[in-house]
Amino acid sequence: MPELPEVETVRRGLEPFMAGHIFTKVEQRRPNLRFPFPEGFVARLEGRRLTALGRRAKYLVGDLDDGTVLVMHLGMSGSFRIDYDGDASAPGVFHHDRSKSAAHDHVVFQMSNGARVTYNDPRRFGFMDLIARSDLSSHALFRDIGVEPLGNELDGKLIAAAFAGKKAPLKAALLDQTLIAGLGNIYVCEALHRAGLSPRRAAGTLAARKGLMLGKADLLAGTIREVLQEAVAAGGSSLRDHRQADGTLGYFQHSFRVYDREGEACPTPACMGVIQRLVQSGRSTFFCKVCQR
DNA sequence: AAGCGAACCTGGCTGC
DNA sequence: TGCAGCCAGGTTCGCT
């Protein structure tokens with residue numbers, strides 16, 4: 001499920017059940033996901049307290065009380081669910097999601113507060129790692145990651161500079177995690193439509209603001225921020241019944257303007273276009289060729 | 001060296 | 001009903 005809004009939604013769902021609590025038992029049911037689990041994964045977690053659960057790009061980043069960081073990536077199909085043995089009437093406690101096969105339950109975290117947190121991932125493109133907090137920013141996974149689109153750095157000037165000279169299409173440049181971190185196929189399509197920019201336009205053609213005149217790069221920075229904020233507020237998007245950690249469904253998919261809407265009328269006011277699908281670097285792009293130039 | 005397509009893996013849906 | 005083929009929210013590798 002995981003672009004930035006979905007990962008952030010997972011983070012918020014897990015935080016109250018995990019942060020501040022101790023891993024009393026960890027089950028690792030297979031030797032690898034996308035990559036092998038790190039040496040001693042279970043032993044290095046059991047008995048440790050998770051002091052905080054954060055997010056960087058599409059990574060969940062959990063600090064342990066010994067200076068280690070538990071890094072988790074959901075790949076394409078990873079999800080968490082929570083079973084809580086405590087007071088079932090407590091606020092924020094939800095039902096177990098039984099819609100997924102236990103055959104793909106790869107990791108189970110038993111926490112000291114009675115919460116059981118299960119990681120399920122049919123395609124196994126996700127992974128987990130343990131990295132010293134002091135090495136995190138220089139680690140290969142994080143070293144080259146670009147700006148957080150919901151942080152303060154993202155603006156038209158940054159986009160124009162990052163995309164300068166690029167002949168690759170905007171679609172590809174926006175998916176490049178070393179430039180802007182956290183966008184994926186859905187939100188790139190949505191941000192480009194809102195900005196009225198063609199996914200095929202060369203990335204290097206966006207200008208930043210000159211004086212009072214806003215450039216297309218400024219417009220795009222605004223729509224990226226806007227669509228991500230709206231999606232986070234909606235609890236992310238739930239395709240194929242993908243659920244939040246608490247078992248509830250995000251609902252931003254109902255707000256898609258173009259993604260997976262091939263053949264539908266373009267939602268731009270007064271636009272007579274029809275949403276088209278095309279393939280760019282092996283992925284589906286949805287856009288309106290009338291109002292996106 | 002940037003920019004593509006293929007690969008990783010499983011499951012769900014479509015169409016014959 | 002069965003099965004082949006295509007598609008899926010991500011990332012990395014290897015070939016122009």
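Chain letters run A, B, ... following the sequence lines, proteins first, then strands; residues in each count from 1.
Between A:Phe109 and A:Phe41, the ring planes lie tilted relative to each other; the angle falls in the 30° to 60° range.
Taking atom C1' on both nucleotides, B:dG12 is separated from C:dT11 by 23 Å, rounded to a whole Å. Distance noted for atom C1' between C:dT12 and B:dG11: 23 Å (whole Å). B:dA7 and C:dG5 have their P atoms separated by 16 Å, given to the nearest Å.
Across the protein-nucleic acid pair, A:Lys58 atom NZ and C:dT11 atom C1' stand 9 Å apart, rounded to whole Å. When rounded to the nearest whole Å, the span between CG of A:Leu141 and P of C:dT12 equals 7 Å. As a whole-Å value, the separation of A:Arg200 CZ from B:dG3 C1' is 17 Å. Atom-to-atom, CG of A:Leu239 to C1' of C:dC7 comes out at 12 Å; the value is rounded to the nearest Å. Counting to the nearest Å, the P atom of B:dC8 and the CZ atom of A:Phe127 are 18 Å from each other. Regarding A:Gln280, its CD atom lies at a distance of 13 Å from the P atom of B:dG3, rounded to whole Å. If you take CD1 of A:Ile186 and C1' of C:dA8, they are 10 Å apart, rounded to a whole angstrom. For the pair A:Arg34 CZ and B:dT10 P, the interatomic distance rounds to 14 Å; values are reported in whole Å.
Nearest nucleotide to the side chain of A:Ala168, out of B:dG3, C:dG9, C:dC7: B:dG3. You'll find that the side chain of A:Lys167 is closest to B:dG3, out of C:dG9, B:dG3, C:dG10. Between C:dG10, B:dG3, B:dG11, one nucleotide has an atom nearer to the side chain of A:Pro122 than all others, and that is B:dG11. Distances were taken from every side-chain heavy atom of A:Lys166 (C-beta onward) to each of B:dC4, C:dG10, B:dG3; the shortest belongs to B:dG3. Taking only side-chain atoms of A:Ser284, from C-beta outward, the nucleotide of C:dT11, B:dG3, C:dC7 with the closest atom is C:dC7. Across C:dA8, B:dG3, B:dC4, the shortest atom-to-atom separation from the side chain of A:Arg277 is found for C:dA8.
Of the side-chain N and O atoms in A:Arg283, one or more sit less than 4.0 angstrom from OP1 or OP2 of C:dG10. A close approach under 4.0 Å does not occur between any side-chain nitrogen or oxygen of A:His104 and OP1 or OP2 of B:dT10. Side-chain nitrogen and oxygen atoms of A:Arg124 include none within less than 4.0 Å of the OP1 or OP2 phosphate oxygen of B:dC8.
By the neighbour-count criterion of 12 heavy atoms within 6.0 Å, atom NZ of A:Lys58 is densely surrounded, having more than that number from other residues, nucleotides or ligands.
Between A:Val10 and A:Phe80, the shortest heavy-atom distance links the atoms CG1-CD1, 3.7 Å.
Between the side chain of A:Arg123 and the base of C:dA8 there is at least one donor-acceptor pair of N/O atoms closer than 3.5 Å.
Across the strands present, B:dG11 finds its partner in C:dC7; the criterion is a Watson-Crick or G-U wobble pair with both atom distances under 3.5 angstrom.
With hydrogens and angles left out, the side-chain atoms of A:Ser79 and A:Tyr119 include no donor and acceptor closer than 3.5 Å.
Residue A:Phe125 and nucleotide B:dC8 are classified as a stacked aromatic pair, their ring centres being separated by less than 5.5 Å at an interplanar angle below 30°.
Remark: side-chain polar atoms of A:Thr9 are paired, donor with acceptor, to backbone N or O of A:Pro5 under 3.5 angstrom.
Contact annotation for A:Pro5: no contact, since no heavy-atom pair falls under 4.0 Å across all strands.
In this structure, A:Phe142 has its ring center closer than 6.0 angstrom to the ring center of A:Tyr59.
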